[in-house]
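Following: one structure in structure tokens, then a few remarks.
These figures come from a predicted structure and were not determined experimentally.
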Amino acid sequence: NNLTETLKKGPGTSKRRTGAGALMQQALVISQFAFSLMLLISAGLFVRSFVEIVNADLGIKPAGVVTMNLDLPRDQYASPELQRNLYQQLLERVEALPGVTGVGAINMLPLSGNRRSGKIATEDRPFESGKEQYTQIRVATSGYFAAIGTDLLNGRLIDARDNSQAPPVVLVNETFVRRYFGDADIIGRRIQVIDVPDTRFQVIGVIADAIKDEMVDVNEPGIYLSF
């Protein structure tokens, strides 16, 4: 589907880049036993001290995780299909390296300082001026959550079945559920994102909070769409 391309053009906020550049700058996450925590810190966790990172509940397990940013040349990879194919090939090659136990990609790493928010609507709370519901939006591959160590709390994660031919699905975090659904069972419910108002995404899983507003150190509601 053209979800990723649509989100590139839609409204939203990013601390570094907006539009096409924000979603093209994918972050590759490699979970490998031999690497140290300091490598992840140097990739963007400089906003906190080492001790605070070790003791804080970040919603991720950074030990042994290495990250890198990949910014594709727009003239060579203009279409979502070309981008998707390249990332898939890259992830497969990295996963085959000795010692690598998991690999995935996401458009914005946790605690990287990058942000992209959007309006959402639920089945009982449609888009309505003056009563907007906002959430952070991420686009991730199926292996990302295991590689970064974000726990699944309910339902299932994105996997190979959630391709461009399948019905659109979404993962949500704990804060999203509490803010917009309370104690209700959200699995199977449908939500809309204002960037793609004609598409209803079915919630397939709830994951631990891993999106924070670093200025005030609070968890934010977040959703994860399949890349």
Side-chain angles (χ1 to χ4, degrees), residues 1-4 6-7 10-13 23 29 56-61 102 104-111 114-214 216-227:
N1 58 47
N2 292 326
L3 172 61
T4 306
T6 304
L7 284 172
T13 60
L23 285 181
V29 180
D57 181 9
L58 303 176
I60 60 176
K61 299 177 179 66
I106 191 169
N107 63 319
M108 296 179 193
L109 281 168
L111 300 179
N114 288 327
R115 299 168 57 78
R116 190 182 193 286
S117 64
K119 297 179 185 178
I120 57 99
T122 59
E123 292 169 319
D124 55 347
R125 296 177 65 180
F127 295 117
E128 186 176 352
S129 178
K131 297 182 179 180
E132 290 84 358
Q133 303 173 102
Y134 288 93
T135 185
Q136 288 294 311
I137 302 173
R138 304 291 183 265
V139 180
T141 64
S142 58
Y144 166 76
F145 303 98
I148 200 70
T150 297
D151 291 332
L152 175 68
L153 305 179
N154 191 14
R156 69 173 180 88
L157 294 173
I158 295 167
D159 59 32
R161 81 190 83 169
D162 304 311
N163 55 38
S164 60
Q165 306 303 315
V169 297
V170 64
L171 294 173
V172 301
N173 66 8
E174 298 174 82
T175 297
F176 182 94
V177 176
R178 284 195 298 268
R179 181 168 300 182
Y180 298 127
F181 288 88
D183 297 329
D185 183 6
I186 194 174
I187 303 300
R189 302 284 289 270
R190 298 183 185 277
I191 64 175
Q192 291 175 273
V193 181
I194 197 168
D195 301 282
V196 279
D198 296 330
T199 302
R200 287 174 169 78
F201 299 90
Q202 185 176 39
V203 178
I204 58 170
V206 179
I207 60 174
D209 285 326
I211 300 176
K212 288 182 177 289
D213 183 339
E214 292 130 43
V216 292
D217 193 27
V218 297
N219 292 314
E220 293 189 273
I223 64 174
Y224 297 79
L225 307 178
S226 175
F227 182 74

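The two residues Ile158 and Ala140 come nearest to each other via the heavy atoms CD1-O, 4.4 Å. Among all heavy-atom pairs drawn from Pro110 and Ala210, the shortest one is CB-O, 3.5 Å. Considering every non-hydrogen atom in both Ala147 and Gly104, the closest pair reads CB-N, 4.2 Å.
Interatomic distance, Ile137 CD1 to Leu225 CG, rounded to the nearest 0.5 Å: 6.5 Å. Between the NZ atom in Lys212 and the CD atom in Gln136 there is a gap of 13.0 Å [rounded to 0.5 Å]. For the atom pair CD1 (Ile211) and CD (Glu220), the distance works out to 7.5 Å, reported to the nearest 0.5 Å. Here the CG atom belonging to Asn173 is positioned 6.5 Å from the CD1 atom belonging to Ile207, to the nearest 0.5 angstrom. Once rounded to the nearest 0.5 Å, the distance linking CG of Leu157 with OH of Tyr144 reads 12.0 Å. Rounding to the nearest 0.5 angstrom, the gap separating the OG1 atom in Thr122 from the CD1 atom in Ile186 is 8.5 Å.
Tyr224 is listed as a side-chain neighbour of Phe145, based on a closest heavy-atom distance under 4.5 Å. At a threshold of 4.5 Å between non-hydrogen side-chain atoms, the residues Ile191 and Gln133 do not count as touching. Looking at Lys61 and Asp151, their side chains come closer than 4.5 Å, going by heavy atoms from C-beta outward. Val172 is not listed as a side-chain neighbour of Arg189, based on a closest heavy-atom distance of 4.5 Å or more. Leu109 has its side chain out of reach of Asn114: every pair of non-hydrogen atoms, C-beta onward, lies at least 4.5 Å apart.
Evaluation of the ring-ring contact (aromatic ring centres under 6.0 Å, His included) rule for Tyr180 yields Phe176 as partners, not counting sequence neighbours. By the salt bridge (Lys or Arg N to Asp or Glu O under 4.0 Å) test, Asp185 is found to be paired with no residue, residues two or more places apart in sequence or in another chain being considered.
Between Phe201 and the choices Val193, Ile223, Val169, the side chain to side chain contact (heavy atoms under 4.5 Å, CB included) rule is met once, by Val193. Checked against Thr175 for a side-chain hydrogen bond (donor to acceptor under 3.5 Å, both in side chains), the options Asp209, Asn219, Thr135 give a single hit: Asp209.
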- Could you walk me through whether Asp162 and Arg156 pass side-chain contact (heavy atoms from CB on, under 4.5 Å), step by step? CA-CA 11 Å; Asp162 304 311; Arg156 69 173 180 88; 2.9 Å; yes

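At least one donor-acceptor pair under 3.5 Å links the side chain of Asn107 to the backbone N or O of Val139. Under the 3.5 Å distance criterion, the side-chain polar atoms of Thr141 are left unmatched by any main-chain donor or acceptor of Phe227. Between the side chain of Glu174 and the main chain of Leu153, no donor-acceptor pair closer than 3.5 Å is present.
Atom CG of Asp183 sits in a sparse spot, with 12 or fewer heavy atoms from other residues, nucleotides or ligands closer than 6.0 Å.
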